[in-house]
Amino acid sequence: MNCFPCFTSKKSSNPPSGNETNENDEHEFKPPPVAAVKHIEERETEQPPVKTFNFRELASATKNFRQECLLGEGSSGRVYKGTLQSTGQLVAVKQLDKHGLHGNKEFQAEVLSLSKLEHPNLVKLIGYCADGDQRLLVFEFVSGGSLPDHLFDQEPGQKPLDWLTRMKIAFGAAQGLDYLHDKVNPPVIYRDLKAANILLDDEFYPKLCDYGLNNLAPGAGDSMFHSSCVMDTYGYSAPEYTRGEDLTVKSDVYSFGVVLLELITGRRAVDTTKPNEEQNLVAWAQPIFRDPKRYPDMADPLLKKNFSERGINQAVAITSMCLQEEPTARPLISDVMVALNFLSMSTEDGIPDAVPILSFRDKSMSIALSRHGSCSVTPFSLLEKEGDDDSSSVSSESEDDEKKEESEGSKKKQEEDSDDESGSDSEKGQEEEQPTPLEKPESSRSSSSDSGSERASPIDESNANAQSLEIKYSYSSEEEEEDNERLSSKSSFKSDKECTSFEYNHDDSPKNTSMRINSLSHDNHSDDDEEEEEEGEEEKDHETRLEHIHSSKSEAISMYSDDDDDDAGEESGESSLNRVVEPEKEDHDSSDED
Ligand SMILES: Nc1ncnc2c1ncn2[C@@H]1O[C@H](COP(=O)(O)OP(=O)(O)OP(=O)(O)O)[C@@H](O)[C@H]1O
């Protein structure tokens, strides 16, 4: 076994032995050390930081690839369940089809790329074997089966997945995808996201498999590869792919939308047993997307209506965003992830917290969700103007919708005008957020009025909380936050004496991205805010304040860095996934627009 010393985390130097794996450890992401500047000697003998197996070891692990160990067969080969003799660890051994075999160097380069992708929501590559004409990949074994096993192919007596579990699965899958899109530089496009590629452990914790395997699949690189992929992912492929256009990260967002739709409806992406008009799930859902009153009717009957109306409305709204025909109109997966985080949190009354719209990097998601009970945020200066006349300070939901529609239209136009600048635009977009009338959180609504007309005063609790809002994107050093290795989030909507806050510590990324959103009430003004007030900058003082801090990114030198090795990489068959991290990444999602 050859490991990069610089990639060797405690975990990899002492691999857990299968069943002995500590549950908590398994779900707790331990990012590989950021140390990326490799010694010259190490570069010369670059080997994947995973175990190399000889064929005999894997044959004995899988009882000679016996039928009883066969987990299934996919487009790239057969997958067997095995037990490593040396450690007792359970593994899934993928025996790649022999036709379209790669040379050893090429195969190793792909394995090297794959091995560098590490996230708790991705099935971990443990090792590989390149023996003679055999090419095998060894992955951690995920014990709970795949998502379709639980969603569609239930055994008699098997309990259906409840709503919250479905949202948690969606959130976890979004985290895995977000890692590939946003934490790996340049982004990795999944290309083959579908329910069958979401594996679940015994606690329904989701892990994506088959990521980054495109270059290893038989036929990769030949002219037929593109079309055969369409067939494999039939029902999940984004329209641009079937049009023969290039895939982007937004194509993955589309596929993710299909999975989300499956989770909500309990229907398969393609089901030929259904009447013609219902066979294609997205085609069936499109007319319903345009009629929000029908959203709750889309729910899987097995849920027996055990979900909140706001929960399903927001989930369907997110789904329809992901399934937009135009890639640029689809949200970033990071925004989908933020929204799903809220939907996957249990609350006492079962109603998910409203998602504060300024949580999003891109405005489109804010607009979509603000229609379905999310906490909108209006610059206070505008509220004051509205507040002069009490009657104008409140608006009915239909008025809200009209205004939002207007802003959605203008947003769409903005997007078209500047679809190449989305990273900086997302910041800009938030700064220039069109005011949307405030809505009360659902909990206060229900008690406030029985008339059904949703009204919100500019000085209600949630508004007060929202009056001063800071967003900080900062890149924190590994040392500072090494204890916060998993994305953590907290949210609360409390009285105006308290502050609303939630934090995302994306410490699972090589960049250790940390995003913090604090929505402070007046009572909790920071010193800075108070100073501003004293200075009499009234308008500014009450406006939503956005602060984006990109601190020193010296840590952007990541484990992917190969420095000046580009040429060497090419020569040695360096794969497409093995790319150099640029020292500065200004534009978060520009890659998908390139
Ligand atoms: N790491 C793993 N742990 C447990 N089961 C796995 C693992 N990887 C794959 N499987 C199972 O092995 C079977 C075959 O998987 P594979 O990924 O090759 O095919 P697929 O996803 O069904 O199809 P395709 O590769 O064409 O997308 C599936 O049933 C899958 O759930």
Side-chain angles (χ1 to χ4, degrees), residues 15-16 18-19 21 26 50-51 53 58 61-62 65-84 89-100 110-111 114-115 117-128 135-155 169 172-173 176 189-220 224-237 241 252 255 258-259 262 268-270:
N19 299 332
T21 310
E26 197 168 296
V50 289
K51 196 168 164 34
F53 294 93
L58 297 183
T62 58
F65 300 95
R66 216 181 277 173
Q67 187 69 18
E68 69 187 58
C69 297
L70 184 67
L71 289 167
E73 185 166 4
S75 53
S76 47
R78 293 177 171 193
V79 182
Y80 295 87
K81 181 178 175 180
T83 307
L84 297 179
Q89 183 177 9
L90 284 176
V91 290
V93 179
K94 187 162 206 150
Q95 189 171 32
L96 296 172
D97 281 347
K98 286 188 189 156
H99 55 272
E110 292 300 336
V111 171
L114 268 182
S115 65
L117 303 174
E118 193 175 353
H119 187 274
N121 294 108
L122 299 183
V123 174
K124 188 172 164 34
L125 180 71
I126 292 170
Y128 71 101
R135 300 283 180 271
L136 300 108
L137 296 169
V138 182
F139 293 97
E140 66 169 311
F141 177 74
V142 186
S143 52
S146 65
L147 180 55
D149 298 337
H150 297 270
L151 204 51
F152 315 122
D153 309 319
Q154 292 189 313
E155 307 272 322
I169 292 170
I189 303 170
Y190 195 121
R191 292 166 196 267
D192 193 22
L193 182 59
K194 55 183 178 179
N197 281 343
I198 300 178
L199 305 182
L200 302 171
D201 75 5
D202 292 333
E203 290 162 6
F204 301 111
Y205 188 82
K207 287 172 181 274
L208 307 179
C209 69
D210 272 6
Y211 56 90
L213 283 184
N214 299 292
N215 296 336
L216 289 174
M224 289 304 290
F225 186 59
H226 184 91
S227 55
S228 70
C229 252
V230 172
M231 280 180 65
D232 290 337
T233 54
Y234 184 57
Y236 293 90
S237 306
Y241 193 57
D252 284 346
S255 306
V258 180
V259 173
E262 292 182 307
R268 291 177 186 277
V270 174

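The structure presented is a predicted model; accordingly, all values stated were derived computationally and were not measured. For the numbers below, each heavy atom of this structure counts, side chains included, while hydrogens, waters and symmetry mates do not. First listed ligand is number 1; within each ligand, the first listed atom is number 1.
Ligand 1 has E140 within reach: a non-hydrogen atom of the residue lies less than 4.0 Å from it.
The heavy atom nearest to atom 4 (C) of ligand 1, out of those in V123, L96, V142, V138, is found in V142. In this structure, of A92, G77, G72, the residue bringing a heavy atom nearest to atom 2 (C) of ligand 1 is A92. Within the set K194, Q95, K94, the minimum heavy-atom distance to atom 18 (O) of ligand 1 is found for K94.
Of all the heavy atoms of L71, the ones lying under 4.0 Å from any atom of ligand 1 are found in both the backbone and the side chain.
I126 and Q89 make their closest contact through CD1-NE2, 3.3 Å (heavy atoms, listed as atom of the first residue, atom of the second, distance).
With rounding to the nearest 0.5 Å, the separation of CG in D210 from CG in N197 is 4.5 Å. N121 CG to Y205 OH: the interatomic distance, rounded to the nearest 0.5 Å, is 4.0 Å. A distance of 6.5 Å separates OG of S75 from CG of D192, quoted to the nearest 0.5 Å.
Each of the following atoms of ligand 1 lies closer than 4.0 Å to a heavy atom of S75: 24 (P), 25 (O), 26 (O). Here is the list of ligand 1 atoms found below 4.0 Å of a heavy atom in L199: 1 (N), 2 (C), 3 (N), 6 (C), 7 (C), 8 (N), 31 (O). Close approach of ligand 1 to D192 (heavy-atom distance below 4.0 Å) involves ligand atoms 27 (O). For ligand 1, the atoms closer than 4.0 angstrom to any heavy atom of F141 are 3 (N), 4 (C). When each atom of ligand 1 is checked for a heavy atom of N197 under 4.0 Å away, the hits are 21 (O).
For the 3.5 Å distance criterion, the side chains of S143 and D202 qualify, holding a donor opposite an acceptor.
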Q | Worked check of side chain to side chain donor-acceptor pair (under 3.5 Å) between E68 and Y80 | A | CA-CA 9 Å; E68 69 187 58; Y80 295 87; over 6 Å; no
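Considering backbone and side-chain atoms alike, S76 places every N or O at 3.5 Å or more from each N or O of ligand 1.
H150 places no side-chain N or O within 3.5 Å of a backbone atom of G145 that could act as its donor or acceptor partner.
Counting heavy atoms from C-beta on, the side chains of V138 and Y128 never come closer than 4.5 Å.
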